[in-house]
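In what follows, a single structure is set out as structure tokens and then discussed.
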Amino acid sequence: MAEAKNNGVETINGDCHDFKSLLSSPDRDFLVRNNADQVKIDSLKGKKLGLYFSASWCGPCRRFTPNLSEVYSELSRKGDFEVIFVSADEDEESFNGYFSKMPWLAIPFSDSTTRKQLDESFKVMGIPHLVLLDENGKVLTDEGVGIIREYGEEGYPFTSEKIQELKDLEEKARKEQSIKTLLVSRSRDFVVTSDGNKVPISDLEGKTVGLYFSAFSFKPSADFTLKLAEVYKKLKEKGEDFEVVMISIEDKEESFKESFGAPWLALPFKDKNCEKLARYFELSGLPTVVIIGPDGKTLHPNAADAIDEHGIEAYPFTPEKFAELKEIEKAKEAAQTLESVLISGDLDYVIGKDGAQVKVTDLVGKTVLLYFSAHWCPPCRSFTPNLVEVYKKIKEKDEAFEVIFISSDRDQTSFEEYYFGMPWLALPFGDARKSLLSRKFKVQGIPMLIAIGPTGKTITTEARGLVLAHGADAYPFTEQRLKEIEAKYEEMAKGWPKKLKHKVHEEHELELARRGSYVCDGCEEPGEVWSFYCKECDFDLHPKCGLEEDKETKGDVKEEGNTKEGWVCDGDVCTRAS
């Protein structure tokens, strides 16, 4: 039988790995267990293998290892599957501590040469990484981590045919989706109450069900739990046929129990279906409430915002109801005023630098920016000086302009230290309106800058991007102003060539491109808006450099002593020194 070498590891027919040459070394023909027992590599003949590349210092590895352990405990009963740990730990103590939690075999930590060869042979670029091989040493897949997460032991024997079969079953389940296909598993046909009682999933048939993906330790989830609990209780009091089933993403049972903000139902703690449902519904953030209709079909992929905004008015979460809510929101936006945005009960003011109260009514008729920011946020600290400069320039031109800082700082001291460097107004720290405004404008991250016009209507929720792109020229942030800026930019480039060959970058042709802010690779000066750009090399040439007249070039560089360090000038052009 022909043999081939692959990075120092033998393969049979260039396709199947020989286990002994793959896993042994000249002075070792065994693997180890975490109790130091040695297991001969020859004993692996006829078994399928999983090569598990992992390390104790890797968070994703530590999260995946328990998942793999569960699958291993199920499959090891078959007697034809084994996992071998290939450690990326840097010291033996860390290796031993991590390996002690694993029920499978390992390459000894002392054999760094074999571990390195395996990394190279299987082109391991990141961990956790799981390569699955059949009993002949043929690689079935190097995407074992994803398969285990997706299918668990059901993916066995991990052949492409088996995975395709599971995918086909999933597709069929989507087409035939019901509350049972979603929630029932092989070992469980019930959900649980907060006190541990079991409720048959069949009891949910014919009801509108909210699948509530939550992690109570995550503050937005904890806050939303209170709101959802309020809505849940009201709908129950009204006799509506509505139920909530919590799908907890928690690692700690205590937090799982705290997630029962109302007497709703849940999948059991750490139930395998939790991750499966998260993938099925392509969970992208928390909190999420997937609405399942009485027929078992998905009515809405995430009603959390609607519940937060409209409460029980969002029920029964049908397309018709959401269309109705959209019209209500449009009407609210049309009637919006600065007072309706910033006044809540007795809270009818903002504060100035000296702590003095400024009535919201005094700001009516101005363009107002709401600046959601915090001192602990690096992008915020980076953007704030930029906004300060823009604020001063706009105020010089128009006094009918203001910024209001809305803090996400964690304490009064941090708020005061951060606000000290700002020249504008602010909501007081801890003001109840902050959460209302965050909800209204759907603030998912900071820094965020909202522009409200003189009429009190929202101009844009993306004012930060406009400030970064155009500075003070973006004022007053309206569509008309953006059209004017665009026209100015087009006029600026009128007559310029679309493409350009230049000796400073002879490798490729440069194309005229909109680039925002950049540093010219020719003169090393800042540039903005337009650049002659090479995408392949990420090379920018300022138009003044690309289009300069020969006489300007000669006048700049012919004088002795004017040559810039790192450049070579021949009298006609300056090029980078090689």
Side-chain angles (χ1 to χ4, degrees), residues 9 17 19 22-23 31 34 44 47-76 78 80-90 94-95 97-107 114-135 137-167 169-170 185 213 215 247 249-251 270-284:
V9 175
H17 293 275
F19 288 167
L22 185 69
L23 303 172
L31 301 167
N34 56 24
L44 299 175
K47 292 187 177 183
K48 298 171 183 62
L49 294 187
L51 299 180
Y52 182 38
F53 299 84
S54 185
S56 64
W57 48 260
C58 164
C61 296
R62 292 196 306 273
R63 290 192 291 273
F64 177 70
T65 295
N67 193 342
L68 182 59
S69 293
E70 287 184 25
V71 172
Y72 178 81
S73 66
E74 291 291 328
L75 296 181
S76 60
K78 297 178 181 290
D80 64 350
F81 178 68
E82 190 53 78
V83 172
I84 292 126
F85 172 37
V86 185
S87 175
D89 281 304
E90 297 172 358
S94 297
F95 167 82
Y98 190 36
F99 186 38
S100 68
K101 301 177 178 68
M102 299 178 179
W104 43 72
L105 305 173
I107 303 289
T114 299
R115 290 189 285 119
K116 183 178 180 182
Q117 284 179 347
L118 289 168
D119 277 351
E120 293 172 352
S121 295
F122 294 102
K123 299 176 182 175
V124 178
M125 304 302 293
I127 54 175
H129 187 75
L130 182 63
V131 179
L132 296 167
L133 300 92
D134 71 9
E135 55 272 16
K138 182 180 179 180
V139 175
L140 294 169
T141 179
D142 62 358
E143 297 179 356
V145 171
I147 288 173
I148 294 297
R149 283 176 175 159
E150 186 81 18
Y151 304 110
E153 64 270 18
E154 292 179 10
Y156 184 83
F158 311 117
T159 59
S160 57
E161 293 79 11
K162 181 61 177 181
I163 301 307
Q164 187 58 52
E165 178 190 329
L166 293 172
K167 287 181 178 179
L169 288 172
E170 277 187 352
S185 69
F213 292 87
I247 317 292
I249 315 297
E250 287 290 355
D251 289 326
K270 283 198 171 181
D271 190 274
K272 290 180 181 179
N273 257 28
C274 291
E275 284 194 18
K276 186 176 178 181
L277 287 167
R279 289 190 296 272
Y280 182 86
F281 289 109
E282 299 178 352
L283 184 67
S284 59

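This structure is a prediction, so every number in the text was calculated from the model and none was measured.
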Open item on the list: Is it the case that atom CD in E143 sees more than 12 heavy atoms from other parts of the structure closer than 6.0 Å?
Closed with: no

Task: E74 atom CD, neighbour heavy-atom count above 12 within 6.0 Å - done: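 Yes, because the 6.0 Å sphere around CD of E74 holds more than 12 heavy atoms from other groups.
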
Which distance, rounded to the nearest 0.5 Å, do you find between the [atom1] of [X] and the [atom2] of [Y]?
X: E275; Y: I249; atom1: CD; atom2: CD1; value: 7.5 Å
X: L140; Y: D134; atom1: CG; atom2: CG; value: 5.0 Å
X: L118; Y: L51; atom1: CG; atom2: CG; value: 6.5 Å
X: L68; Y: R149; atom1: CG; atom2: CZ; value: 10.5 Å
X: K270; Y: N67; atom1: NZ; atom2: CG; value: 10.0 Å
X: C61; Y: Y52; atom1: SG; atom2: OH; value: 5.0 Å

TODO: Determine the minimum heavy-atom distance between N273 and D271, stating which atoms define it.
DONE: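 N273 and D271 have their closest heavy atoms at N-OD1, 2.8 Å.
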
TODO: For I127 and A55, work out which heavy atoms get closest and say how close.
DONE: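 Smallest heavy-atom distance, with atoms named: CD1-CB, 3.8 Å.
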
Looking only at atom types and distance, does a side-chain atom of [X] sit under 3.5 Å from a main-chain N or O of [Y], one as donor and one as acceptor?
X: R115; Y: I107; answer: no
X: D142; Y: F122; answer: no
X: S76; Y: S73; answer: yes

Acceptor/donor pairs from residues 80-88 side chains to any protein atom, 3.5 angstrom cut, sequence neighbours excluded:
unit_1, atom_1, unit_2, atom_2, d
D80, OD1, Y156, OH, 2.6
D80, OD2, Y156, OH, 2.6
E82, OE1, Y72, OH, 3.3
E82, OE2, Y72, OH, 2.7
S87, OG, D89, N, 2.9
S87, OG, D89, OD2, 3.2

- [ ] Evaluate the side chain to side chain contact (heavy atoms under 4.5 Å, CB included) criterion for residues F19 and K47: first the C-alpha distance (whole Å), next the side-chain angles of each, then the deciding distance (0.1 Å), finally the verdict.
- [x] CA-CA 10 Å; F19 288 167; K47 292 187 177 183; 5.5 Å; no

Open item on the list: Can you tell whether the side chains of K48 and E135 come within less than 4.0 Å, N to carboxylate O?
Closed with: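 Yes, K48 and E135 are salt-bridged.
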
Open item on the list: I'd like to know if E170 and K276 make a salt bridge, using a cut-off of under 4.0 Å between side-chain N and carboxylate O.
Closed with: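 Salt bridge flag = no for K276 with E170.
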
Can you find a pair of side-chain heavy atoms, one from [X] and one from [Y], that are under 4.5 Å apart?
X: L283; Y: I247; answer: no
X: L75; Y: F158; answer: yes
X: C274; Y: F213; answer: no
X: F64; Y: S54; answer: no

- [ ] Evaluate side chain to side chain contact (heavy atoms under 4.5 Å, CB included) for H17 paired with L133, printing each intermediate quantity in order.
- [x] CA-CA 9 Å; H17 293 275; L133 300 92; 4.0 Å; yes

TODO: Give the C-alpha distance, both sets of side-chain angles, the deciding distance and a yes or no for side chain to side chain contact (heavy atoms under 4.5 Å, CB included) between L49 and L22.
DONE: CA-CA 12 Å; L49 294 187; L22 185 69; 5.6 Å; no

Using a 3.5 Å cut-off and no angle test, enumerate the donor-acceptor pairs between side-chain atoms of residues 160-167 and protein atoms at least two apart in sequence or in another chain.
unit_1, atom_1, unit_2, atom_2, d
Q164, NE2, D168, OD1, 2.9

